[in-house]
Amino acid sequence: MDKLVIIDGNSIASRAFYALPLLSNSSGLHTNAVYGFTTMLLKLIEEEKPTHFLVAFDAGKVTFRHKEYTEYKGGRAKTPPELSEQFPLIKELLKAFQIPQFELQGYEADDIIGTLTRVADESGKQVLLVSGDKDMLQLSSDQVTVAITRKGITEVERYNPAEIMEKYGLEPKQIVDLKGLMGDTSDNIPGIPGVGEKTALKLLHEYGSVEEVLAHAAEMKGKMKEKIEEHAKDAMMSKELATIFREVPMDTDWATFRYEGYDGQALSSMFRKLEFKTLLEKMDFSGGEADIESAVSLDIEVISEAGISGLAHALGDSTSLHIEIVGENPHHSEVAGVAFYLADGDKYAYVPFELLMSEAGQPIQDWLSDESKKKQLFDQHRAELALAWHGVRLRGVDFDVLLAAYLLDPTESTLTVSGLAFKYGLPGIRPDEDVFGKGAKFRLPELAALSEHLCRKADTIRRAVPVLREELEKGEMHRLFYELELPLAGVLAEMELRGIKVDAAGLRQLGDEIAGQLEGIMARIYQLAGCEFNINSPKQLGEILFEKLGLPASKKTKTGYSTDAEVLERLAPYSEIVGQILQYRQLAKLQSTYIEGLLKEVRPETGKVHTYYRQTIAATGRLSSQYPNLQNIPIRLEEGRKIRKVFVPSEPGWYILAADYSQIELRVLAHISQDEKLKEAFLQNMDIHTKTAMDVFGVQESEVDSNMRRSAKAVNFGIVYGISDYGLSQNLAITRKEAASFIEQYFAVFQGVRTYMDDIVKDARRDGYVTTLLQRRRYLPEITASNFNLRSFAERTAMNSPIQGSAADIIKLAMVQMAERLKADGLKSRMLLQVHDELVFEVPEEELELMKRIVPEVMADALKLDVPLQADVDYGLTWYDAK
DNA sequence: CTACTCACG
DNA sequence: ACGTACGTGAGTAGG
C-alpha cells in the first residue's frame, strides 16, 4: 500500500525553531530548526515507512490571499533572521535525505497540500499530513490523516474526521467556519471580535456554518447579536481566507514523490557540517562509515608476554597513551587495556590489561607509577581511580585532553575522544558507541578491533595535545589548567579513594523508624482518600486530589496536574490529606534516596562510600558528585539532617571537621563589582542580609525585623542568580510590581552592582562569553537571540556564571593548597568531601586544634580579594555535629 | 527514555 | 507582552 507523507515545511520549521533552544555550531550558524526538522524526518521515516514523500514550502511574499485582503498575515512578527537563515540549510538537508520538495510562486504550502490531498481523496491514496497548523484539519478525510505537532516537535496528535468530531463536534469542512467566527490573530484574520473558540463552537453546533449563523443572527439577542451583525462581512471574509485552495495548477503525478531512502554519504557530511554529533553517533550511514578511519593508517603492535620486556624502555620519558575504562563508576570499573604511542618508530603498542597486571607487566606498571615519566591522556581522574582499585598508581600526568577540552568549552555535552577529534579538526575516529554498543548491548570487541580502536584513541590524544595547549594559551587558561584543574584531579582521586565511613547500622535503624512512620501516614492517606492508590504517582495523586476530592487545581504540568510542594502547601488548609502527603513525600524521599540509596553504595568490606566528583560537567566550573551524590545530603529540615549522623570518622578517636565559606558568592560579587556599599558591609564584617535590609529600607540595624531581613536575603539571592522581578516575586510570594520596586531600591543603593550587571551583559554580547576571576570561560551564544526567553536566560547566566564560577575557582584553589599543606606538614588529617562552599575532613584528636586554625586560614587566603574571605569551622563526632 | 519531584549549594 | 530565578543528581512512574 502506497503511503504519502506530506510535511508543511514552513510550519514545521518554525515549530522546531521555537520549540528548541537556539543551538548553533562552532562557526556561529544557527541550527535548531534544522535539528528539529531532522529529528522529525527521521522519526517519520522510521515509523511511517513512507513510499512517497513531499515537503511543501510557501513561495514569495505575496499570495492571492493578499490581493483579497491586504492585511493578511500583517501584524505577524517578521520571521527572525535566526530562522530565515536556516531555510537554505533545510532545503540542503532534504536533498541529502532525497526527499522531494516543492514550492510555487504565489501559493502557500497549504494550497499545494490542499491540492495533493484532494487528488488523494479522489484516487483513494493514503496520506499523512504533518503540520503545526490546526487549519490543516479541514483537509482531513478517510484517506488523509492530519498530524498536528503538540508540545515539542516530534510529538504529534493525529486526526481523522472521527477524532475531529470527538474533539470539536465538527466535520472537517466546518473548521473554516470555526476560524471564520473566531479569527486567527497570528494570520491577522479578524473573525468576529469577542467570539473565541467556546462561543464559535456553540454557534456552529447550533447552526452549522458561518452563513447559517449570520442568517439566524436576528434570533439572537444582546451583545452577541450586535457583534455578529456588525462583523458579518469580516466573518465571511475570514472564512474565505481560512479556506485552503485545492486547485493549484501543478503536477500531481504520484510517481514524482516516490521516496527511495536517504543518501547516507550526503547525510553524514551534512550532519558533520551542522555538528549534529549525537545524530552522527547514533545513525547508521551504511556506506558512509568507510571513509571515517581510512584517512590515517596506524602501525599497531599488540604486545604479548614475550614482547613486553622491551616496551617500558621504548616508552621513554614522555608519551601519549589511552587507558580504556569500562563502566560508569570508576570505583568499580574494569580496565580493558592500555594503548601507548611510541615516538621511536611512530607506532602504537597495545597492552591487554591481563598482561599489564601479570608479573611480566610489572615494568609497565612501574612506568605508569613513575612521576618522572610524563603522560598525556584523556581523563586522568577516571583512569587513576580505576587503576588504583586494581593496585596500580597513576602518576606523572602532564596533560589531560578531557580537562583541557572542558575548560575550552564547559558546556560541551559530548566530551569524548571522537567528539574532540571532530571538533578540533583531527582525523576522524569511530565513536565508542559504534565500537562497543551501548546500554545492554555493550560488548568489548575481539582483540584486533579493540586494539585498533584504543590505539586510534591514543593517536587522537597525541594529536590533540598541542592543539588544545595552544587554545588554552589563547584563552589565557594556561594557569587555570596547569596550576588548578590538573593538580585538583589528583586531589579529588585521593579524597574519593579514601572514602568516608558510614554507620550502616545507624542508617538501617533510621530506616526502620521512617518505615514505621510511613506506614501510619499511608494508612491515614488511604483513609482520607477513601481508596488505596500509588502516592508516588503524580498522575494518580492528581486524580485523587483534584477529581475525586475536588480540591482546586492551580498549576498544570505538560502531562496533567502539578502536585509539587508549592501547590500542595497552598492546598493544605482545604484538607488534612494534603499535609499528610507532604509528610509522606518528605519521608519517602529520605527512605528511598538517602537510606536505601546510600546503603547500596556502602562497601561492605570497609563500611565506606566513595563518591566520584565529576570535574567536567558543570557549566560554571563547579564539581558535581555521583555514586552517591554527597553534595545533597539533607540539612534544611531536622528529620533529614539526622542522616548526617551516620557520616563518621574512619578511625576511632578521630573527628569530623567541616569548614564553610561565609557568603562567598556575595563577597565575590563585592570584589568583581567593586560596589562601595557591598565592600563596606564585608569590610565591617556585618550580617549581609541585615545590612542589605538597612540600606534598602533605609532603617537602623535595630529596626530591621525578621520580615525585612527575609526580603533582603531573597533579593541577595536574586542578585546572585541574575535578578528578575518575576523570579523574586515568586520567591517572596509578592506581586511583580512590588518585586520590581524592591530591586529598584536595591540598585539605588548598590549602584556598583547595577553597573556590573549591565556591563557583564554587554561584555557577553560583545565577546560571546563571560569569565571568572581565574579566566574560566562560559560561552553564551543565546545572548543575541531574538527570542525573549532564550536571550533573558543567557543574560541571567551572564550575571550568575562569573559569580558562581569564581566561587568554584576559589574553593578549588583552597583544596589544592590544603592537600599540599597536609602533605608538607606531615599531617594525618584527610580531606574527604567538598560541598561547593564547604570542605569536610577527618582529623585525629591531636591535630584538632591545628586543623581548626589552618583550614579556615587556607580557605580564606586561597585567593586575595578586595574584601576578606571568611570560613567558619566546627567539628564533632559526626558530620551532623560539625555544624 | 522522559517527566516529575525533591535533595543540596 | 513575553514567563524564569543559578548550578547539580537521584528515585519513581509510566509510556
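Within every chain, numbering begins at 1; the chains are lettered A, B, ... in the order of the sequence lines, protein sequences first and strands thereafter.
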Ranking C:dT4, C:dC6, B:dG9 by distance to the side chain of A:D725, first place goes to C:dT4
Any chance the rings of A:Y612 and A:H381 have centres within less than 6.0 Å? yes
Atom P, compared across C:dC2 and B:dC6: separation rounded to whole Å: 28 Å
So does A:E48 pair up with A:R158, basic N to acidic O under 4.0 Å? yes
So, using side chain to side chain donor-acceptor pair (under 3.5 Å) as the criterion, who are the partners of A:Q870 when residues are at least two apart? A:D872
Between P on B:dC4 and CG on A:D564, what's the gap in Å once rounded to a whole number? 10 Å
Would you kindly compare A:F793 and A:F788 by the position of their nearest DNA chain C nucleotide and give the one closer to the 5′ end? A:F788
Pair of N/O donor and acceptor under 3.5 Å linking B:dT5 base with A:R585 side chain: no
For the side chain of A:D837, counting heavy atoms from C-beta on, which of B:dC6, C:dA5, B:dG9 is nearest? B:dG9
Atom-to-atom span, CD1 of A:I664 to P of C:dC6 - whole angstrom: 21 Å
Using a 4.0 Å heavy-atom cut-off, does A:A565 contact any base of the nucleic acid, only the sugar-phosphate backbone, or nothing at all? sugar-phosphate
Pair assignment for DNA chain C - dot-bracket with | for other-strand partners, Watson-Crick or G-U under 3.5 Å: .....|||||||||.
Pairing donors with acceptors under 3.5 angstrom, does anything connect the side chains of A:Y561 and A:E547? yes
Heavy atoms under 4.0 Å, any strand shown: does A:I635 hit a base, just sugar-phosphate, or nothing? sugar-phosphate
Are side-chain heavy atoms of A:Q631 and A:L833 found at a separation under 4.5 Å? no
Measure from the side chain of A:Q804, starting at C-beta and using heavy atoms only, and say which of B:dC8, B:dG9, C:dA5 lies closest. B:dG9
Rounded to the nearest angstrom, tell me the gap between atom CG in A:N789 and atom C1' in C:dA5. 13 Å
A:E744/A:K737 salt bridge by N-O under 4.0 Å criterion: no
A:R736 CZ to C:dC2 P, straight-line distance once rounded to whole Å: 8 Å
Side-chain-base donor-acceptor pair under 3.5 Å for A:R636 and B:dG9: yes
How would you summarise protein contacts on nucleotides 8-15 of chain C per nucleotide, using B for base, S for sugar-phosphate only and - for none, with heavy-atom distances below 4.0 Å? SBSSSSS-
Looking only at side-chain N and O atoms, does A:R778 come under 4.0 Å of OP1 or OP2 in C:dG7? yes
Classify the angle between the aromatic ring planes of A:Y526 and A:F533 as parallel (below 30°), tilted (30 to 60°) or perpendicular (above 60°). perpendicular
hbond_proxy A:Q631 side chain to B:dC8 base (donor-acceptor, 3.5 Å cutoff): no
Nearest-Å distance once atom P is located in both C:dA5 and B:dT5: 13 Å
Regarding A:S792, tell me which of base, sugar-phosphate or nothing describes its non-hydrogen contacts under 4.0 Å with the strands shown. nothing
Among A:R622, A:E485, A:K812, which one satisfies side-chain hydrogen bond (donor to acceptor under 3.5 Å, both in side chains) with A:Q615? A:E485
Nearest-angstrom distance from the residue atom CG of A:L568 to C1' of B:dC6: 12 Å
So for atom CZ, which belongs to A:F747, do other residues, nucleotides or ligands contribute more than 12 heavy atoms lying within a distance under 6.0 Å? yes
Atom CZ of A:R644 and atom P of B:dA7: how far apart are they, to the nearest Å? 13 Å
Are the side chains of A:Y726 and A:S792 in touch, meaning some heavy atoms are under 4.5 Å apart? no
Under 4.0 Å, counting only non-hydrogen atoms across every strand here, what does A:T563 touch: a base, just sugar-phosphate, or nothing? sugar-phosphate
So what does A:A798 hit on the nucleic acid, given a heavy-atom distance under 4.0 Å: a base, only sugar-phosphate, or nothing? nothing
Which is true for A:N731 with a 4.0 Å heavy-atom rule: it touches a base, it touches only sugar-phosphate, or it touches nothing? base
Between C1' of B:dA7 and CH2 of A:W879, the distance in whole Å: 12 Å
Going by an N to O cut-off under 4.0 Å, is there a salt bridge joining A:E596 and A:K600? no
Rounded to whole Å, how long is the line connecting atom NZ of A:K713 with atom C1' of B:dG9? 12 Å
